[in-house]
Amino acid sequence: MKKNEDTKVTKMIIESQIKASVVSAVKKLYATDIAEESVQIQLTRKDMKGDYTIVVFPLLKISKKNPVETGKELGECIQEDCADVSEFEVVKGFLNLQLSTSYWTNLLNENVHNEQYGITEADDKSPLVMIEYSSPNTNKPLHLGHIRNNLLGYSLSRIVSANGNQVVKTNIVNDRGIHICKSMLAWKKWGEGQTPESTGKKGDHLVGDFYVKFDQEYKKEQAALIEAGQTKDEAEANSALMKEAREMLVKWEAHDTEVYGLWEQMNQWVYQGFDVTYKKMGVDFDKIYYESDTYKVGRDMVLEGLDKKAFYRRDDNSVWADLEKDGLDEKLLLRTDGTSVYMTQDIGTAKLRYDDYNIDKMVYVVGNEQNYHFKVLAIVLDRLGLNWGKDLVHFSYGMVELPEGKMKSREGTVVDADDLMQDMINTARDMSKELGKLEGYSEEEAEKVYEMIALGALKYFMLKVDPRKNMTFDPKESIDFNGNTGPFIQYTYARIQSIYRKAKANGIAISDKTDLNTELSEKEIQLMRMVSNFPAVVAEAGKVYSPALIANFVYDLAKEFNQFYHESPIAVEEDETKRSMRLLLCKSVGTVIKNGMWMMGVDVPERM
RNA sequence: GGUCCAGUAGCUCAGUUGGAUAGAGCAAUAGCCUUCUAAGCUAUGGGUCGUGGGUUCGAAUCCCGCCUGGAUCACCA
């Protein structure tokens, strides 16, 4: 952590040094004071020579000279002023400054041995951020949409923690309601006592099958009723199945022994199934809440709010929040019969969390179809006096769509999470065996790598896209392992490890530091620039909550590294000074890849 | 209808607070393995940045109108 801060400081120092230098140059040349913040400094484009670029256009009014001339004058001043600036070049209205090679080698020496480079660790006093994600219903297995949610939530928790926060990962399980009763009723009627053990099925899949069964039977019943002359509305109202399901819900709320027992048993099956899926996905939680525990707390909270006049009761006995002052509608919080709605349980969950933890920031990872819900929740929690309420973050992500549109369970187009992961592992295994990369590994070791690659591909695929946008997933086209993919990045990491193994095998000593005067190629400097920029990317990703920034950055770095790898000998370089520098540069790139991938919840292999 | 979000290469996506010639990957074509891993590298082709205005030294980016797609506005969750 110490070293990491040093690096950040070094980097910031050069930026602000340059800015300050621009300010004093302007004063010296044109006798005008400008604010340091107004200096437009940016990283120089990749295809241009230089490290930092000053945009001179805004200064033309002051210099009263043309862009090139102004740039030249400024460049000369800055070069004189800043020891680290070795050269400059003016292209159109852009002043490109180049830093000395010793600046870069020095920076490399500073961070190369820091395994935690880019990660700021939290302590007891760091802000506590609670991140809710996953939030499944217990009536069916997880699908592609849940995968995006889980991967985003998990990655986010790592990114937030890498920014020096304490993080509590949490999950709210929607384990009650009419949808659960449908599965239960179908199992009771047609299940013939089936269990995960008797069928060999994962519990969540078994329960999901009965949810589907209910729907099928319900449709049959509806068709029969309509056949018998009823209208659609009448048929729906007269559904015996739906009636039975509703009765079951009432019994459940009354803690009827039989219904409650069945509910507990079927939920157990589902949880056991979920555990397997979560484990395979590589996600976990620090604290799990259950809606069956929270919905009553929510009801009490609403009633309390009623006493405090935060809400009001209508003549029909229902309870509402009037949000017109906040530019929204009125929102129902308790039904006429006093039962809870979706919002109510979220209030209860919030209250329990508030009691359990000293939360500074609450982040909800929930799809963008609930944007309105969270707008309302923020206001309602605030009215109830929860201090983080109005500042809650709804991390609103887009849908995963199929090429033909949304996934529909009725049309059987839902992509199952377990199936998808297994398919990818199989593909990774086939491909790896074909390439013969893991010879010498035991079956067990190799299998670990197959999983790592498969999950790496899946995770990177989901995380590289801007989370706010909808994304398309084509189940017919399997996720790539080449190009802009997780395996490409993992491969780059494995390559670096391979170089080190080779160096070791050949008895090449790796020095601790790079000679400050080592000559550097453009590619090498570019890699150092990117490495030095990593902490800034992590900070930005934490600020705007975007794993995609990390993903794209790590990909660019890996791509750059592979180009370097192809054009330069590393462990086999004859010149000892260069060889050391390159080996250290490799190490440094490897660390950034590893830590960046860690922030996406992706592991990296030693070989692949 | 109100509100919100999105529209960039054939496809999937990048594009920092407005900056230089709008970038990757996939797909196509042509090359590179007796040299540190070819899950790699190089080269070629591919664009009225949905559309019309505006703001200015400069707009994919900011503002307004329109078109298209999606979400939401439940005593559903």
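These numbers come from a predicted model, not from an experiment. All chains are named by letter (A, B, ...) in the order of the sequence lines, taking the proteins before the strands, and each is independently numbered beginning at 1.
One interatomic measurement links the two molecules: CG of A/D556 to P of B/A14, which rounds to 13 Å at whole-angstrom precision. Between A/Q40 atom CD and B/C57 atom P the separation is 13 Å, expressed in whole Å. A/E401 places its CD atom 11 Å from the P atom of B/U12, with the value rounded to the nearest Å. Distance CZ (A/F534) to P (B/U16): 20 Å, rounded to an integer number of Å. What separates NZ of A/K464 from P of B/G23 is a distance of 19 Å, to the nearest Å. With rounding to whole Å, A/K502 atom NZ is found 10 Å from B/U35 atom P. The distance from atom CZ of A/R607 to atom C1' of B/U37 is 10 Å, rounded to the nearest whole Å. Atom-to-atom, CG of A/N562 to P of B/A38 comes out at 10 Å; the value is rounded to the nearest Å.
Residue side chain A/F488 fails the stacking definition with respect to B/A39, as its ring centre and the base's six-membered ring centre are not both under 5.5 angstrom apart and under 30 degrees in plane angle. Aromatic stacking of A/Y555 on B/A24: not satisfied for centres closer than 5.5 Å together with planes under 30 degrees.
Salt bridge annotation for A/E567-A/K523: absent, with no cationic side-chain nitrogen under 4.0 angstrom from a carboxylate oxygen. Under 4.0 Å is where a charged nitrogen must lie from a carboxylate oxygen, and between A/D47 and A/R45 at least one such pair does. Looking at A/E522 and A/K49, no side-chain N of the basic residue comes within less than 4.0 Å of a carboxylate O on the acidic one, giving no salt bridge. Salt-bridge annotation for A/R176 and A/E253: present, with a side-chain N of the basic residue lying under 4.0 Å from a carboxylate O of the acidic one.
For an aromatic pair to be called close, the ring centres must be under 6.0 Å apart, and A/Y491 with A/F481 fails this. For an aromatic pair to be called close, the ring centres must be under 6.0 Å apart, and A/Y211 with A/F214 fails this.
Across B/A77, B/U72, B/G19, the shortest atom-to-atom separation from the side chain of A/Y372 is found for B/U72. Taking every side-chain heavy atom of A/N484 into account, B/G25 is the closest of B/G19, B/A38, B/G25. Distances from the side chain of A/I453 to the nucleotides B/U42, B/A39, B/A20 place B/A39 closest. Comparing B/C36, B/C13, B/A14 against the side chain of A/V572 picks out B/C36 as the nearest. Of the candidate nucleotides B/A6, B/C36, B/G19, B/C36 has the atom lying nearest to any side-chain atom of A/A571. Of the listed nucleotides (B/A20, B/G15, B/C75), B/G15 has the atom at the smallest distance from the side chain of A/L549. Here the nucleotide nearest the side chain of A/D466, chosen from B/A14, B/C26, B/G70, is B/A14. Side chain of A/S318, nearest nucleotide from B/G40, B/U37, B/C75: B/C75. When the nucleotides B/G70, B/A39, B/A77 are ranked by their closest atom to the side chain of A/N137, B/A77 comes out on top.
Using C1' as the reference atom, B/C63 and B/C26 are 37 Å apart when rounded to the nearest Å. B/U51 and B/A60: their C1' atoms are spaced 14 Å apart (whole Å). Taking atom P on both nucleotides, B/G53 is separated from B/A59 by 14 Å, rounded to a whole Å. Distance noted for atom P between B/A14 and B/G25: 16 Å (whole Å). When the C1' atom is used for both B/U61 and B/G18, the distance is 6 Å, rounded to whole Å. Taking the C1' atom of each, B/C33 and B/G40 are spaced 10 Å apart, rounded to whole Å. Nucleotides B/G23 and B/U48, compared at atom P, are 15 Å apart to the nearest Å. Atom name C1', nucleotides B/C4 and B/U17: the rounded distance is 24 Å, in whole Å.
Close to B/A39, at under 4.0 Å from its OP1 or OP2, lies no side-chain N or O of A/R495. Distances shorter than 4.0 Å separate some side-chain N or O of A/K469 from OP1 or OP2 on B/A14. An OP1 or OP2 oxygen of B/G70 is reached within less than 4.0 angstrom by no side-chain nitrogen or oxygen of A/R468. Listed pair A/N470 / B/A71 fails the phosphate criterion, with no side-chain N or O lying under 4.0 Å from OP1 or OP2. Neither OP1 nor OP2 of B/U16 sits under 4.0 Å from any side-chain N or O of A/Q42. Side-chain N/O atoms of A/Y491 include one lying less than 4.0 angstrom from OP1 or OP2 on B/A39. The side chain of A/K375 places no N or O atom within less than 4.0 Å of a non-bridging phosphate oxygen (OP1 or OP2) of B/U3. Contact annotation: A/K543 does not reach the phosphate of B/U16 (side-chain N/O to OP1 or OP2, under 4.0 Å). Side-chain nitrogen and oxygen atoms of A/K559 include at least one within less than 4.0 Å of the OP1 or OP2 phosphate oxygen of B/G25.
Contact detail for A/N552 and A/K464: the closest heavy-atom pair is ND2-O, 3.6 Å. Annotation for A/D322 and A/E324: closest pair OD1-N, 3.0 Å, computed over non-hydrogen atoms.
B/C57 is paired with B/G19 under the Watson-Crick or G-U wobble criterion, all donor-acceptor distances under 3.5 Å. The partner of B/U3 is B/A71, judged by Watson-Crick or G-U wobble contacts that both fall below 3.5 Å. Nucleotide B/G52 forms a Watson-Crick or G-U wobble pair with B/C64, both donor-acceptor distances falling under 3.5 Å. B/U12: Watson-Crick or G-U partner is B/A24, with both key distances under 3.5 Å. The base-pairing partner of B/C32, taking Watson-Crick or G-U wobble contacts with both distances under 3.5 Å, is B/G40.
Note on A/D346: nothing from the nucleic acid sits closer than 4.0 angstrom, heavy atoms only. Residue contacts for A/Q345: at a heavy-atom cut-off of 4.0 Å it reaches no nucleic acid atom on any strand shown. Residue contacts for A/M399: at a heavy-atom cut-off of 4.0 Å it reaches no nucleic acid atom on any strand shown. Here A/K437 lies in heavy-atom contact (under 4.0 Å) with a base. The residue A/V91 sits close to a base: some heavy atom pair falls under 4.0 Å. Within 4.0 Å of A/P58, counting heavy atoms only, lies at least one base atom of the nucleic acid. Using a 4.0 Å heavy-atom cutoff across all strands shown, A/V55 reaches at least one base atom of the nucleic acid.
The shortest side-chain heavy-atom distance between A/L95 and A/V55 does not fall under the 4.5 Å cut-off.
No hydrogens or angles were tested; on distance alone, a donor-acceptor pair under 3.5 Å links the side chain of A/T53 to the base of B/A20. The base of B/A74 lies outside donor-acceptor range of the side chain of A/D329, with no N or O pair under 3.5 Å.
Figure legend: cation-pi geometry between A/R495 and A/Y565, with NZ or CZ positioned under 6.0 Å from the six-membered ring centre and within 45° of its axis.
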